[in-house]
Amino acid sequence: MKKIIYTLLLLGVYSSAIAQTNSQIKKNIDLLLIAEQQQEAITFLYQIIQQNPKALVSYSKELSNNLNQALQTGEFNYALANLALETSASSTFQLSPASEKVLSKQNESIRQKLKQTDSYHNWIWEDEAYMMGRAESGLILDLLGYGTSQTSLEELKASLDYFTDNRPKYFAVAALLRRSGQVNTKHYQSLAKDDETRGLLYMQLKNLNKLSLFPEAYHTQIQLSKADMVNWLIYPTELNTFPTEIELVKMFTIEYSDVGPADFYLWKFRADNENWKNDGWMAGLSGPFVRANGPSMDAYGYTFSAFTAFDKKSPEEHFDEIVNIIEEWNAKNKK
C-alpha cells in the first residue's frame, strides 16, 4: 500500500511539473509577439527543443501563428529565424506564404550587399560584415527549404545563380533538393570541389538517398577526410579561417577488434592571414574512418590540431601527440 501511495505521489508531482511546463510553453509562445520579451521567449523555447521537443507538438498551431507573425515584423532576427528552422525540421512549425515573402525579400537585400569574387576564400574570413551576411543568408535559404510558395522558390533559384561563395550556394542547393527542385550539375561540381562545402554536400545527399548526384571525382576517402579537416579548422575557436594550403602527409591505420581497419589522415596546413602568417606549416589529423563503411564523413572523434609547427616533429610524433591529447581529454571527461 505504501508503494502505491508513493507512486501516486510521484505521479502527482510529475503531472504538476508537466502542467507547469505546458503553461510556460504557452506563455513563451505568446511572448514571441512582444518585442521586449521576445529574446527571453526564444531562449526558453530553445531549451524545450533540447530537453523535450515533443512537448511543443501540442502547440504547433499557436507556435506557427505567433512565430510567423514575429518573422513578418521588423528587421531580420537571426535567433527568431533559427528557432523557425529548428521547429520546421521537426514539423512543429509551418512557414506561411506571407513569411516566405518577407524572408525572400530580406535575403535578396542581404545577398546583394555581399560582393562575389572567385577568390573569396582569400579575404572573407577577415571581413566581419561579409561573414555576418553570409551566415544570415545561409540561414534564410535553409529555412526557405521548408516553404511551399513560388516566391521563395524563385529566391532560392536566384541565390543559387548569384553566389560564387559556395557556402550560401550550398544552402540554396540543399533547400531546392528538400523541395524536389532541379539543380544543375555544375553546382554539385562547384560544391564538391570546395573543401569547405564538399562534406556538407555529401552528408545532405546521403540523408536524401541521392548520393548518385555526388561528383565521382571527389567521392574518395582522402577528399572527404580533407573536407573533415577543413571543416574543423574553419571553426571560430580553431584556425577561424580557410587554410591557404593543405597537403596530405601520411595515412595511419589501426586495426580495431570491433570494426576492423580504420584510417587516420595526417595533414599539414598553413594560413596567410594576419593571425597565422608567421606560424608556417602546422599539423592536423582527421579520422578515424572505418574502411568497411567505404568513403564516409564519419570521423570517430580524433579530428584535431594542436597547431604544432610541422617541422618540429616527425609524422609519427604528430600522430601520437594528437591521439594522446584526444585520449586524455576523453578520459578526463568520463570521470
Side-chain heavy-atom pair Ile322, Tyr302 within 4.5 angstrom cut-off: no

Cluster link Leu208 to Met297, ILVMFWY, side chain under 4.5 Å: yes

Intermediate values then yes/no, side chain to side chain contact (heavy atoms under 4.5 Å, CB included), Leu141 and Tyr170: CA-CA 9 Å; Leu141 293 170; Tyr170 159 75; over 6 Å; no

Electrostatic pair Asp161:Lys157 at N-O distance under 4.0 angstrom: no

Pair Tyr120-Leu114, side chain to side chain contact (heavy atoms under 4.5 Å, CB included): steps then yes or no: CA-CA 11 Å; Tyr120 64 92; Leu114 300 176; over 6 Å; no

Test item: side-chain donor near acceptor, Asn68 and Ser96, under 3.5 Å: yes

Parallel, tilted or perpendicular, as decided by the 30° and 60° cut-offs, for the rings of Trp123 and Tyr130: perpendicular

Test item: Tyr59 side-chain N/O and Asn22 main-chain N/O as donor-acceptor pair under 3.5 Å: yes

Electrostatic pair Lys26:Glu62 at N-O distance under 4.0 angstrom: no

Polar side-chain atom of Arg291 near backbone of Asp263 as donor-acceptor pair, under 3.5 Å: no

Approximate separation, where rounding is to 0.5 Å, of Ile42 CD1 and Glu86 CD: 12.5 Å

Whether Ser60 side chain and Val57 backbone form a donor-acceptor pair below 3.5 Å: yes

Asp320 CG to Ile325 CD1 distance, which is reported to the nearest 0.5 Å: 11.0 Å

Rounded distance (nearest 0.5 Å) linking atom OG of Ser90 with atom CD1 of Ile49: 6.5 Å

Non-hydrogen side-chain atoms of Lys169 and Thr197 separated by less than 4.5 Å: no

Electrostatic pair Asp298-Lys206, nearest N-O below 4.0 angstrom: yes

From CZ (Phe264) to CZ (Phe289), nearest 0.5 Å: 10.0 Å

Donor-acceptor pair between Glu100 and Ser104 side chains, under 3.5 angstrom: no

Straight-line distance of Glu155 CD to Glu108 CD, nearest 0.5 Å: 5.5 Å

Side-chain donor-acceptor contact under 3.5 Å, Ser286 with Asp228: no

Whether Phe76 and Tyr78 hold their rings parallel, tilted or perpendicular, with breakpoints at 30° and 60°: perpendicular

Nearest heavy atoms of Leu95 and Leu143, plus distance in Å: CD2-O, 3.9 Å

Least distance between heavy atoms, Asp272 atom then Thr244 atom: N-OG1, 2.9 Å

Spacing of CG belonging to Leu144 relative to OG belonging to Ser159, to within rounding of 0.5 Å: 8.0 Å

Heavy-atom closest pair, residues Pro215 and Ala192: CG-CB, 3.6 Å

Check: Gln37 side chain, Leu31 main-chain N or O, donor-acceptor pair, under 3.5 Å: no

Non-hydrogen side-chain atoms of Gln182 and Leu176 separated by less than 4.5 Å: no

Pro315 to Lys250 - nearest heavy-atom pair and separation: CB-CD, 4.3 Å

Lys210, NZ atom: more than 12 neighbouring heavy atoms under 6.0 Å: yes

Residues Lys105, Thr151; criterion side chain to side chain contact (heavy atoms under 4.5 Å, CB included); working and verdict: CA-CA 9 Å; Lys105 286 186 175 296; Thr151 298; over 6 Å; no

Nearest heavy-atom neighbours spanning Arg198 and Gln223: NH1-O, 2.8 Å

Test: Glu126 and Lys277 ion pair at under 4.0 Å: no

Nearest heavy atoms of Tyr46 and Leu83, plus distance in Å: OH-N, 3.1 Å

